[in-house]
Amino acid sequence: MKKVLVVLVILTVVVTGVFAEENLTRSLSVFGKIDVGDAYLAVSQSSVEAEKIDLVNDPDVQPGGDGVRVGSWIFTAQNQAPGTEYTVDYDTVALSSSTANGSSYAFTVSEVVDLENTVGYSNGVVSFDDNGARNITQGLLVNLVTAIPAGATPANDFVGTITITLTKN
């Protein structure tokens, strides 16, 4: 009985091997990813405390002047859907001094084009086309809203701020 069982097992293996499939199929997995639609905003300060703007005598900072460059912002984004837009807003806090008897002076912000990095940016809106990526640099200039009046309290510590906000529409 054992011999018959052994013979049957051997026959099964041989017969199965003879009639085995000629086409063997195996598969591999393909792994991929799509990065998150990241967006980054950075600012670069070009004016420094040691190079303070002369608020009375610098013609560029006066109302209607060319403006004084104080810095720039850089917006970088990837994997944004076509039609996505970001709106750029500037919020300012007036120049004020702790030693000038509470004097403060409002200023305006204007933009100056920073060469090649403005594709997709127009009138305060960043927009995306089919490639979904942007790298935009925009320089910022400031002007006083009104000229400093004669006899204004002198001070060497006027500081104001510009907050730059990009909001996804």
Side-chain angles (χ1 to χ4, degrees), residues 27-149 152-153 155-169:
S27 60
L28 295 173
S29 297
V30 177
F31 301 98
K33 70 175 187 167
I34 297 174
D35 286 333
V36 176
D38 291 330
Y40 303 97
L41 175 65
V43 295
S44 176
Q45 182 84 41
S46 59
S47 66
V48 292
E49 188 174 356
E51 300 170 359
K52 295 179 175 143
I53 302 167
D54 184 334
L55 300 176
V56 174
N57 296 313
D58 187 334
D60 290 334
V61 78
Q62 301 308 317
D66 291 338
V68 175
R69 187 175 180 122
V70 293
S72 61
W73 56 262
I74 300 169
F75 176 68
T76 305
Q78 298 83 30
N79 195 25
Q80 302 291 310
T84 300
E85 292 183 338
Y86 287 81
T87 302
V88 180
D89 290 304
Y90 302 108
D91 186 30
T92 62
V93 175
L95 289 155
S96 62
S97 166
S98 62
T99 61
N101 301 327
S103 299
S104 66
Y105 303 101
F107 59 92
T108 60
V109 178
S110 56
E111 299 174 335
V112 59
V113 174
D114 271 355
L115 305 174
E116 74 282 351
N117 291 336
T118 57
V119 174
Y121 181 70
S122 179
N123 298 320
V125 176
V126 178
S127 59
F128 292 86
D129 57 14
D130 292 340
N131 77 7
R134 288 284 178 256
N135 183 17
I136 297 170
T137 303
Q138 205 61 42
L140 299 180
L141 306 171
V142 296
N143 291 86
L144 292 168
V145 172
T146 58
I148 305 293
T153 304
N156 197 30
D157 65 343
F158 281 96
V159 177
T161 58
I162 303 169
T163 301
I164 304 152
T165 305
L166 274 86
T167 305
K168 190 172 186 178
N169 299 344

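As the structure is a computational prediction, the values presented were derived from the model and not from experiment. Values reported hereafter were calculated over all heavy atoms of this structure, with side chains retained and with hydrogens, waters and symmetry mates removed.
Counting all heavy atoms, side chain and backbone alike, R69 lies closest to G139 at NH2-CA, 3.6 Å. The two atoms that bring S110 and N143 nearest to each other are OG-OD1, 4.3 Å, heavy atoms only.
The side-chain heavy atoms of V56 and D54, taken from C-beta on, include a pair separated by under 4.5 Å. With a 4.5 Å cut-off on side-chain heavy atoms, Y90 and T163 do not count as touching. At a threshold of 4.5 Å between non-hydrogen side-chain atoms, the residues V109 and V70 do not count as touching. V145 has its side chain within reach of T108: a pair of non-hydrogen atoms, C-beta onward, lies under 4.5 Å apart. Contact annotation: the side chain of I162 never approaches that of V43 to less than 4.5 Å [non-hydrogen atoms, C-beta and beyond]. In this structure, Y86 and R134 have side chains that are not in contact, with every pair of non-hydrogen atoms separated by 4.5 Å or more. For the pair Q138/F75, no side-chain contact is recorded, criterion being any heavy-atom separation below 4.5 Å from C-beta on.
The OH atom of Y105 sits 4.5 Å away from atom CD1 of I148, with the distance rounded to the nearest 0.5 Å. Atoms CG and CG, on L41 and L166 in that order, are 5.5 Å from each other to the nearest 0.5 Å. Distance check: D60 CG to L144 CG gives 11.5 Å after rounding to the nearest 0.5 Å. Distance check: T92 OG1 to F107 CZ gives 5.0 Å after rounding to the nearest 0.5 Å. We find the CG-CD1 distance between D58 and I53 to be 7.0 Å, quoted to the nearest 0.5 Å. Rounding to the nearest 0.5 angstrom, the gap separating the CG atom in L140 from the OG atom in S44 is 10.0 Å.
For the side chain to side chain contact (heavy atoms under 4.5 Å, CB included) criterion with S97, the lone passing option out of D157, N156, V159 is D157. Of the listed residues (N135, I136, T137), just one forms a side chain to side chain contact (heavy atoms under 4.5 Å, CB included) with T76, and that residue is N135.
Panel note: side chain Q62, backbone L55; a donor-acceptor pair is recorded below 3.5 Å.
T165 and D89 are not linked by any side-chain donor-acceptor pair at a separation below 3.5 angstrom, with hydrogens and angles left out of the test.
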